[in-house]
Amino acid sequence: MGTHYFKDLTGNLSWSAAKLYPVAMMFDEANPDRPQALLFASTSVQQGVVEGTNGWDPAPLPNFAMCKNFCDNSCHFTGTNIWSTGHFFFNDIATAVCDGGCAIGCCPKSNAAPRTQF
């Protein structure tokens, strides 16, 4: 889907769910100056059993799955065990380019530091 850029209100990734800005920018590596999408993150489950997704991604993510967006093995959120995420795409996600192919996590294969702060 693209490289995720998150912002922690402390300035560095504190892994505190309460300090993570709830909107992240996503960029396509082939077009780094063009936003690919916005990711919205909530520590409250937004999907309903009866109501369906309510416009959010199909299923809530446990912390280990949310951590796949950070490309950082030290990811260990406090303050929540579950996340609801929603994506608003500006471009066709099938055209996104990720180093080594796009997959869950889509982390750079190079030795470069993860790009998780804007």
Is it true that, when you exclude Phe90 itself, more than 12 heavy atoms of the residues, nucleotides or ligands shown sit nearer than 6.0 Å to its CZ? yes

Look at the rings of His87 and Phe89 and say which category their plane angle falls in: under 30° parallel, 30 to 60° tilted, over 60° perpendicular. parallel

For Val45, the hydrophobic cluster (side chain heavy atoms closer than 4.5 Å, chained through members) also holds Ile82

For residues [X] and [Y], report the shortest heavy-atom separation together with the two atoms involved.
X: Ala17; Y: Gly79; value: CB-C, 4.3 Å
X: Asp33; Y: Pro35; value: O-CD, 3.8 Å
X: Gln47; Y: Ala59; value: NE2-C, 3.5 Å
X: Ser84; Y: Trp56; value: O-CZ3, 3.7 Å
X: Arg34; Y: Asn91; value: NE-ND2, 3.5 Å

Verify the distance criterion only: is there a donor paired with an acceptor across the side chains of Asp72 and Ser74 at less than 3.5 Å? yes

Taking only residues two or more places apart in sequence or in another chain, which ones pass side chain to side chain donor-acceptor pair (under 3.5 Å) with Ser14? Asp8

Please confirm whether the ring centroid of Tyr5 lies under 6.0 Å from the ring centroid of Phe27. yes

Rounded to the nearest 0.5 angstrom, the CG-OG1 distance for Leu39 and Thr85 is 5.5 Å

Rounded to the nearest 0.5 Å, what separates atom CZ in Phe6 from atom CE in Met25? 12.0 Å

For a side-chain contact (heavy atoms from CB on, under 4.5 Å) check, start with the C-alpha distance between Asn63 and Trp83, then their side-chain angles and the critical distance, and finish with the verdict. CA-CA 7 Å; Asn63 279 343; Trp83 298 83; 2.8 Å; yes

Does any part of the side chain of [Y], heavy atoms only, come nearer than 4.5 Å to the side chain of [X], both counted from C-beta?
X: Cys75; Y: Trp15; value: yes
X: Gln46; Y: Asn54; value: no
X: Leu20; Y: Phe77; value: yes

